[in-house]
Q: 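Pasting a structure below so you can have a look.
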Amino acid sequence: MHIKENLQKAPLGWPLAIASVGTVASAFAGKKLHLAFGTAWGVLSLWHAWQHCGKMKKDVAKAQEFLRTGLAPEGQRPDAYTLALARYANHQRFSQ
């Protein structure tokens, strides 16, 4: 379980920036190098999206709890966007 937690918490800002700059910079340097940087950028982007998806699921669950109970977890009210997602998720669940 530690590996999954480490993967979800791994900072990807610098690797994504390097891969994106490398992709643009290698556009005229050679096809293989450009393909390698582009592949790295794509993989890191998907990894980052997976991390973000997990965070959003947790945020929506907290917002749904807030809508249900009126009590904000950790004393912080969810932002409007997250509350809207939670309302939509509740609506979808009850409309089926």
Side-chain angles (χ1 to χ4, degrees):
M1 192 64 158
H2 295 310
I3 293 174
K4 185 176 180 181
E5 289 173 4
N6 290 340
L7 287 175
Q8 285 188 330
K9 293 180 182 179
L12 295 177
W14 280 108
L16 271 168
I18 292 168
S20 63
V21 168
T23 302
V24 173
S26 66
F28 303 105
K31 189 174 182 178
K32 289 183 181 181
L33 187 61
H34 183 66
L35 183 65
F37 273 112
T39 302
W41 192 13
V43 169
L44 289 169
S45 295
L46 289 173
W47 185 1
H48 180 68
W50 175 68
Q51 287 178 331
H52 189 66
C53 183
K55 183 191 178 309
M56 288 301 294
K57 284 181 183 178
K58 290 178 186 174
D59 290 348
V60 168
K62 287 179 184 177
Q64 286 175 328
E65 181 71 17
F66 173 76
L67 289 173
R68 194 168 46 79
T69 63
L71 300 173
E74 295 122 26
Q76 295 180 345
R77 188 175 190 272
D79 62 278
Y81 177 73
T82 307
L83 282 173
L85 286 176
R87 286 186 183 107
Y88 179 74
N90 283 343
H91 175 73
Q92 291 292 66
R93 189 174 69 206
F94 291 120
S95 67
Q96 293 178 357

Q: Shared ILVMFWY cluster between Trp50 and Trp41, side chains joined below 4.5 angstrom?
A: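 Trp50 and Trp41: one cluster.
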Q: Where do Ala19 and Ala40 come nearest, in terms of heavy atoms and distance?
A: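 Heavy-atom minimum between the residues: CB-C, 4.3 Å.
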Q: Say you draw a straight line from CG of Leu44 to OG1 of Thr39; how long is it, rounded to the nearest 0.5 Å?
A: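 Result: 10.5 Å between the selected atoms.
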Q: What is the minimum heavy-atom distance between His34 and Ser26, and which atoms define it?
A: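 Where His34 meets Ser26 most closely, the heavy atoms are CA-OG, 3.1 Å.
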Q: Applying side chain to side chain donor-acceptor pair (under 3.5 Å) between Asp59 and each of Lys57, Lys62, Lys55, report the one that passes.
A: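 Among Lys57, Lys62, Lys55, the one that satisfies the side chain to side chain donor-acceptor pair (under 3.5 Å) with Asp59 is Lys55.
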